[in-house]
Number of protein chains: 2
Amino acid sequence: MLYTIGDVSERTGLPAPTLRYYDKEGLLPFVNRGSGGIRKFQETDLEWLRLIECLKASGLQIKDIKRYIDLFIQGDSTIEERRQMFYAQKENVEREIKMLQSTLDLLTYKCWFYDMAVELGSTEAVKNLTEEQLPPHIKKIKAKMNKVQYATKKKKDCAA
Amino acid sequence: MLYTIGDVSERTGLPAPTLRYYDKEGLLPFVNRGSGGIRKFQETDLEWLRLIECLKASGLQIKDIKRYIDLFIQGDSTIEERRQMFYAQKENVEREIKMLQSTLDLLTYKCWFYDMAVELGSTEAVKNLTEEQLPPHIKKIKAKMNKVQYATKKKKDCAA
DNA sequence: TTAAGATTTAAAGTGAACTTTAAGAAAGGA
DNA sequence: TCCTTTCTTAAAGTTCACTTTAAATCTTAA
């Protein structure tokens, strides 16, 4: 079964120009062309696109993904470098999840804060609540937040 | 205690031009100026910066954060809108964490795959492993990944 | 008072990832 | 065959969040 770029766009939700852009950047080297130069996508190409989406979600840039694809094409001699790339990216995602979880703590606190502000009619009234009047889970979050100061934001490190 | 922009830059890790940029965009409306027009930061300004960093980490854009600050300045009449903003953003972060967790599954699988490829000397050899030869946690991940197809990527929805 | 170093501004430049435009070629149904 | 739709390309435009530049002004130690 072969798909045109329009089919693939519909199935993936990616705009056709984006698919052409990925192709131009070397992210889709396995897509064949028909006689008239028209791209013919196969199921395996859709699988590559799923992997690309996932790597993008993990924080890799287009050029990093291209690097990976180039390594893939080179074959088994690049296994070690690909392995290292995935380990590095796994660490990045683990770190990112941790950061988002502490961001979530703050948002949970803010949601509670504004729930109370709605209830009490002002933000001042919430600030005037004593420590004992806070629900336990909010106390816990506040304690946690006080520990975190400026998270030294790690630069998005490339899959080296 | 008052801080110059250089002090704040050092303490937060944010470059001074970035702080000026935030100020210009209206994210730091509480920073005072000395006689010569030089910014004098207070502890409360550092707290605002921490909140800004957090909201940025949650996926809010500069203009969304400005919107929040404008609402804050308007006072208690905007409590409800601020509440809704935080709830929406909390949902965004929860969704983002879920997405990263499935991304992490894929990366965990890939790390295992390339560990095996190193061990066996080729990627083909790993592909030829039978279902029974896979460790349980990898089987589990593979089963999970088969369910997820194209995650309909939600647009970064603004705090409405 | 003077020199060095930090701060100010506006404006231009950057990099990433698309997105849009324009003009032309191919595919597929009536 | 014709017509409409979909495809092709290259090139220019967009958005976001800074970053850099340049020239002027302020602060501070000698």
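In what follows, every chain begins at residue 1, and chains take the letters A, B, ... in the order their sequences are listed. Both backbone and side-chain heavy atoms feed into the values below; hydrogens, waters and symmetry mates do not.
With D:dC18, C:dT19, C:dC18 as the choices, the nucleotide that has an atom nearest any side-chain atom of A:P15 turns out to be C:dT19. The side chain of A:I5 approaches D:dT8 more closely than any other nucleotide in the set D:dC18, D:dT8, C:dC18. Nearest to the side chain of B:I62, among D:dC18, C:dC18, D:dT20, sits D:dC18. Considering only the side chain of B:R20, C:dT8 comes nearest among C:dT8, C:dC18, D:dC7. Candidate nucleotides D:dC18, C:dT7, C:dT9 were compared by shortest atom distance to the side chain of B:R33, and C:dT9 ranks first. Minimum atom distance to the side chain of A:R39 is reached by D:dT8, of the listed C:dC18, D:dT8, D:dC18.
Here the side chain of B:D7 pairs a donor or acceptor atom with the backbone of B:T4 at under 3.5 angstrom. Counting only distance, with no hydrogens or angles, the side chain of B:Q89 and the backbone of B:S58 share a donor-acceptor pair below 3.5 Å.
Using a 3.5 Å distance cut-off with no hydrogens or angles, the side chains of B:Q61 and B:D64 do not pair a donor with an acceptor. Checked by atom type, the side-chain pair A:T130/A:Q133 shows a donor-acceptor distance below 3.5 Å.
Residue-environment remark: NZ (A:K98) stays at or below the threshold of 12 foreign heavy atoms within 6.0 Å.
Ring centroid separation for the pair A:Y114 and B:Y87 does not come in under the 6.0 Å cut-off. Remark: aromatic rings of B:F72 and B:W48 are close, center separation under 6.0 Å.
Of the candidates B:D45, B:N32, B:D23, B:R39 forms a side chain to side chain donor-acceptor pair (under 3.5 Å) with just one, namely B:D23. The side chain to side chain donor-acceptor pair (under 3.5 Å) test with A:T78 is passed by exactly one of A:E80, A:E81, A:R82: A:R82.
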Under 3.5 Å, which N/O atoms of the protein pair with N/O atoms of nucleotides 10-12 of chain C?
none

Just the atom pairs and distances: protein N or O near nucleotides 24-30 of chain C's N or O, under 3.5 Å.
none

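A sub-4.0 Å separation between OP1 or OP2 of C:dC18 and a side-chain N or O of A:Y22 is present. Distances shown here put a side-chain N or O of A:T4 below 4.0 Å from the OP1 or OP2 atom of D:dC7. For the pair B:T18 and D:dT19, the criterion of a side-chain N or O lying under 4.0 Å from OP1 or OP2 is met.
Rounded to whole Å, the distance from CG on B:L27 to C1' on D:dA17 is 12 Å. As a whole-Å value, the separation of A:E10 CD from D:dT6 P is 10 Å.
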